[in-house]
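Shown next, in structure tokens, is the structure this report addresses.
Positions are given from 1, in the same order as the sequence printed here. Just so it is clear, the structure is predicted and the values come from calculations on it, not from any experiment. Values reported hereafter were calculated over all heavy atoms of this structure, with side chains retained and with hydrogens, waters and symmetry mates removed.
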Amino acid sequence: MVKLILRDKEYEVKPGMNLLAALEKCNIVPESVIATRNGEMILDDEILKNGDVIKLVAVISGGSCHCERPAGAKQSLTLHEDCFVVAGGTTPRNDEGML
């Protein structure tokens, strides 16, 4: 089986289907998540294999974490390990999804 994890929910689907079909089967809007396998982003047409664990990160807009910009810097940020950059901003997250 393939396990999909979104926040505190786990879904199981049969191997052999692509990510898009798996998301639709679980009633997850594909545009609302970013899928990762072993820490690497995967695309909608990726075929899921038996034993895969797919972590789904909810996509949100707006907000900011408390990452700090070095004095005098315009673009460079010192990011915390629980944040990632989306479209030039920072977004707080954890392994189960967005905070």
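Atom OH of Tyr11 is separated from atom CG of Leu23 by 10.0 Å, given to the nearest 0.5 angstrom. Distance check, rounded to the nearest 0.5 Å: SG of Cys26 to CG of Leu56 gives 8.5 Å. How far CD1 of Ile54 is from CG of Leu6: 13.0 Å, rounded to the nearest 0.5 Å.
Residue pairs satisfying the side-chain hydrogen bond (donor to acceptor under 3.5 Å, both in side chains) criterion with at least one member in residues 17-26, sequence neighbours excluded, are absent.
Heavy-atom minimum distance, Lys49 versus Pro15: C-CB, 3.8 Å. Residue Val13 comes nearest to Ala22 through the heavy atom pair CG2-CB, 3.9 Å, listed as atom of the first residue, atom of the second, then distance.
Every residue meeting the salt bridge (Lys or Arg N to Asp or Glu O under 4.0 Å) condition with Lys3, not counting sequence neighbours, appears here in chain and number order: Glu10.
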For residues 34-45, which side-chain N or O atoms pair as donor and acceptor with protein atoms under 3.5 Å away, sequence neighbours left out?
unit_1: Thr36; atom_1: OG1; unit_2: Lys55; atom_2: O; d: 3.3
unit_1: Arg37; atom_1: NH1; unit_2: Asp52; atom_2: OD2; d: 2.9
unit_1: Arg37; atom_1: NH2; unit_2: Glu46; atom_2: OE2; d: 2.6

